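The sequence lines fix the lettering, A, B, ..., with proteins before strands; numbering per chain opens at 1. Quantities reported herein were computed from a predicted structural model and do not represent experimental measurements.
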Number of protein chains: 2
Amino acid sequence: MEAGLADTALTVPLRAVLERVHAHGPQTVPAIARSLYVTRQGVQALVDRGRDLGLVETVPNPAHRRSHLVVLTPAGNDLFDTVRADELARLDVVASGLDPVDVAAAVRVLDHLILSLEGLTHPQTPTTSTDPAERSTR
Amino acid sequence: MEAGLADTALTVPLRAVLERVHAHGPQTVPAIARSLYVTRQGVQALVDRGRDLGLVETVPNPAHRRSHLVVLTPAGNDLFDTVRADELARLDVVASGLDPVDVAAAVRVLDHLILSLEGLTHPQTPTTSTDPAERSTR
DNA sequence: CGTAGATTGACAAGTCCCTTGTCATTATGA
DNA sequence: TCATAATGACAAGGGACTTGTCAATCTACG
C-alpha cells in the first residue's frame, strides 16, 4: 500500500483517515479515532496535516458546538479515488492467482479475528464498535 | 499481541527479532533485517536494546570477522517461551469459533499475498527470500 | 432546572520505530 | 589482484503513537 502512496503527500495512517471519511461521511475526530483504535490526539494530528494539505476540512457540527465534523475536500476526494484506483490495479495482479472460495474463507477468518481480538483487548463498550459493513468489502 | 507483551520489557518489533532468532537460530543483523523487510540499522537498534535487556548476545561468526551472530540468552529464550505460551492461550479462545478448513484457506491466501506483494515491492533478488517454512505454522 | 460525570479540544512532553546518509572495514568474485 | 558488494558504526530526522492536563461542552439523572 505504501508503494501506491509514494507519489502523493499521503502516509498510510493519513490514508486510513481519508478512507474512513470517504466511506462513512462526515465524522468527528474522536469518532474516527475509535474506529481506528487509536487516541483522538493522534487522529487530530493527522487531520491537522490533512487540512494543511487541503485534503480535508472541518465544518460545523449541528450536534456539538465545539466538536466539528471532518469532511473531504474535492481535492481530497479526487486524490483518494486516484490512490484507490492505483491500489486496485495492483491488486488485480495479485488476485489473479487466488481462489475466490479461499478468499471468502479468509474474509470470514479475518472478520472473526477482528471481533474476537476486539473482545480480548477492549472488553468494555460494544456500542461504538466498528461498522461490520466496512469489512468484507470486495 | 501487544497485550501479551504488556508485562514484559518487550515491544512488538523486538519480539519479532526474538522470534526470528528463536525459530532460525543464530543470524547476523542484516539477515534478520532482510527477513523482516526493514533496514539493518533499524534491526541493529533493536538488537542493541535486546542485549541491554540481557535477552540476546552476539557471538563470533566463523563466516565473517566483523559481522557477529545474534543468539538468544537463556533469559531471552525463557522470556520468549513465556510470551509465546501466553499468546497461544489467548489464541485458543479465539480459535474456538473458527473452522479449520477456513483457516487453511486463509493461510493459502495470506501466503499468496506475501509472495505477490514481495514481487510487487521488491522486484530484485529472489535469493534471500523469506523461508517458506516459516509460514503456515500452526 | 441544575448538577455530576463523560466527552471533547487544545497543548505538551516523550517514546519507539524506521528511514536516509555516510565512511571505514571486511568479503566476494571476476 | 582489484573492483564491487556487504557490513558495522554513527548521525540526523521524521512519523505515529502514547500519556497527561485543563478548560469548555454535552448528557443524563434527580
Within the side chain of Q27(B), is there an N or O that forms a donor-acceptor pair under 3.5 Å with the backbone of R20(B)? yes
Tell me whether S67(B) contacts the main-chain N or O of T28(B) through its side chain, where contact means a donor paired with an acceptor under 3.5 Å. no
I want to check one thing: is the phosphate of dC18(C), taken as OP1 and OP2, less than 4.0 Å away from some side-chain N or O of T39(B)? no
Side chains of N77(B) and L18(B): does their closest heavy-atom pair fall under 4.5 Å? no
Whole angstrom is fine here: how far is it from CG in D52(A) over to C1' in dG15(D)? 15 Å
Proximal nucleotide (of dG15(D), dT8(C), dT26(C)) relative to the R65(B) side chain: dT26(C)
Please give, in whole Å, the distance from dT18(D) C1' to Y37(A) OH? 19 Å
Q27(B) CD to dG8(D) P, in whole Å, measures 13 Å
Please report, rounded to the nearest Å, how far the P atom of dT15(C) is from the CG atom of L14(B). 17 Å
If you check the P13(A) side chain, which of dA16(D), dT7(D), dC16(C) turns out closest? dA16(D)
Considering only dT20(C), dT19(D), dT7(D), which nucleotide approaches the side chain of Q41(A) most closely? dT19(D)
Which comes earlier along DNA chain D counting from the 5' end, the contact point of H68(B) or that of T11(A), where each point is its nearest nucleotide? H68(B)
Atom CG of D48(B) and atom P of dA9(D) are separated, to the nearest Å, by 8 Å
Can you find a pair of side-chain heavy atoms, one from R66(B) and one from H64(B), that are under 4.5 Å apart? yes
So, does the side chain of R66(B) form a donor-acceptor pair with the base of dT25(C) at under 3.5 Å? yes
OP1 or OP2 of dT8(C) under 4.0 Å from side-chain N/O of R34(A): yes
Testing dT19(C), dA10(C), dC18(C) for proximity to the side chain of R40(A), the answer is dA10(C)
L36(A) atom CG is separated from dA16(D) atom P, nearest whole Å, by 12 Å
Position toward the 5' end of DNA chain D (nearest nucleotide), H64(B) or R49(A): H64(B)
Could you tell me whether the side chain of V103(B) reaches within less than 4.5 Å of the side chain of D99(B), counting heavy atoms only? no
